[in-house]
Protein chains: 2
Amino acid sequence: MGKQMTEMLKGTLEGIVLAILSVRPAYGYEITARLREQGFADIAEGTVYALLVRIERNGLVGVEKVPSEKGPPRKVYSLNVPGREYLEEFWTTWGFLADRLGQLKEEGK
Amino acid sequence: MGKQMTEMLKGTLEGIVLAILSVRPAYGYEITARLREQGFADIAEGTVYALLVRIERNGLVGVEKVPSEKGPPRKVYSLNVPGREYLEEFWTTWGFLADRLGQLKEEGK
DNA sequence: CTTCACTACTTGGTGATACTAGCTACCAGT
DNA sequence: ACTGGTAGCTAGTATCACCAAGTAGTGAAG
């Protein structure tokens, strides 16, 4: 997309990935692919991997190495309890923001 | 609020301010006050001023200096044509993101 | 008349985040 | 041997909001 999307993703991409992981565990390459399918066509692979390292370091996910038939072993991430709490906070924050924005959009027309 | 909100505001605060200006021209101090009323209690003044400088530099707004009875002269910003186009793009981008997030939230429960 | 409070704008430095642009490595098919 | 798909990693860059402090003007309180 463009610069606007890039900036908007700051702060939300983390929540998006956590939300994906809340459905079921997944590994980086898979998450990137799913994002692309969902319309986030130009999210760089490197971005996702860096984000995964970060949320692991912050203790929001657990990791398990699983061998793959095609290529190097996968690092499968799964949301843990602190991760779920963090995701809840994310939805609250997002809800507040979406409310304000929705209101502003109404006023603007 | 917290770190999540800070990060989420990146990219959206600009749109929020442009949306405020799309209703009618305003100056920095006024915009800050209005944001606080609207629930963005802890947006730093410096942040708003820096943002205004940026959108002026990017040619999205016009500026007019207006004397004030109380304090230094006000710099009144008004949205120009490129600014309105940019705001349109912002709403499109926001709409896309809000859609995806809404869908993800559904799947997650 | 000096201090305080409110109005109004400015500036330098910091931290967090996504992007760019590469790289390593494993496997299958041509 | 080479290509393409799978899978993960890294260094450097740009952008953005925040923090902290400062500059100025006005009016009211002491």
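Residue numbering restarts at 1 for every chain, and letters A, B, ... go by the order of the sequence lines. All figures in this text were calculated on a predicted structure; none of them were measured in a lab. Below, all heavy atoms of this structure are taken into account, side chains as well, without hydrogens, waters or symmetry copies.
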>> My understanding is that only residues two or more places apart in sequence, or in another chain, count here; which of them pass ring-ring contact (aromatic ring centres under 6.0 Å, His included) with A:Tyr29?
In response: none
>> Could you check whether any side-chain heavy atom of A:Trp91 comes within less than 4.5 Å of a side-chain heavy atom of B:Leu101, counting everything from C-beta outward?
In response: yes
> Quick one: side chain to side chain contact (heavy atoms under 4.5 Å, CB included) partners of A:Ser22, sequence neighbours excluded?
Replying inline: A:Leu79, A:Arg84, A:Leu87
Under 3.5 Å, sequence neighbours excluded: what are the donor-acceptor pairs made by side chains of residues 56-73 of chain A?
| residue | atom | partner | partner atom | Å |
| --- | --- | --- | --- | --- |
| A:Ser68 | OG | A:Lys70 | N | 3.0 |
| A:Ser68 | OG | A:Lys70 | O | 3.0 |

> Which residues satisfy the side chain to side chain contact (heavy atoms under 4.5 Å, CB included) test with A:Ala98, sequence neighbours excluded?
Replying inline: A:Trp94, B:Trp94
> Considering only heavy atoms from C-beta outward, does the side chain of B:Tyr86 approach that of B:Ile55 to under 4.5 Å?
Replying inline: no
>> According to salt bridge (charged side-chain N to carboxylate O under 4.0 Å, His left out), who are the partners of A:Arg54, at least two apart in sequence or on a separate chain?
In response: A:Glu14
>> For A:Gln4, run the side-chain hydrogen bond (donor to acceptor under 3.5 Å, both in side chains) check against B:Thr92, B:Thr12, B:Thr93 and tell me which one passes.
In response: B:Thr93
> Taking all atoms of both residues into account, what is the closest heavy-atom pair of B:Asn80 and B:Pro82, and its distance?
Replying inline: OD1-CD, 3.1 Å
>> Heavy-atom nearest nucleotide on DNA chain D for B:Glu45 versus B:Arg57: which residue maps closer to 5'?
In response: B:Arg57
> In chain order, what residues pass the side chain to side chain contact (heavy atoms under 4.5 Å, CB included) check against B:Thr32, with sequence neighbours excluded?
Replying inline: B:Arg36, B:Glu45, B:Val48
> Among residues 21-37 of chain B, which contact DNA chain C at a heavy-atom distance under 4.0 Å?
Replying inline: B:Tyr27, B:Gly28, B:Tyr29
> Given that A:Thr12 and A:Gly46 both sit by DNA chain C, which one's nearest nucleotide is further toward the 5' end?
Replying inline: A:Thr12
> By side chain to side chain contact (heavy atoms under 4.5 Å, CB included), which residues pair with A:Glu107, not counting sequence neighbours?
Replying inline: A:Gln103, A:Leu104, B:Gln38
> When we call it a touch if two heavy atoms are under 4.0 Å apart, what does B:Thr6 touch: a base, just sugar-phosphate, or nothing?
Replying inline: sugar-phosphate
>> Considering only residues two or more places apart or on different chains, which pairs with a residue in residues 45-82 of chain B satisfy ring-ring contact (aromatic ring centres under 6.0 Å, His included)?
In response: none
>> For DNA chain C, which residues of residues 61-88 of chain A approach it to below 4.0 angstrom with any heavy atom?
In response: A:Glu69, A:Gly71, A:Pro72
> NA contact type, A:Gly11, heavy-atom cut-off 4.0 Å: base, sugar-phosphate, or nothing?
Replying inline: sugar-phosphate
> Under a 4.0 Å N-O cut-off, is there an ion pair linking B:Lys10 with B:Glu7?
Replying inline: yes
>> Need two values: the first and the last nucleotide of DNA chain C, 5' to 3', having an atom under 4.0 Å from any heavy-atom of chain B.
In response: C:dT7 to C:dT17
> Earliest and latest nucleotide of DNA chain D, 5' to 3', sitting under 4.0 Å from a non-hydrogen atom of chain A?
Replying inline: D:dT6 to D:dC16
>> Taking any heavy-atom pair under 4.0 Å as a contact, classify B:Leu13: base, sugar-phosphate, or nothing.
In response: sugar-phosphate
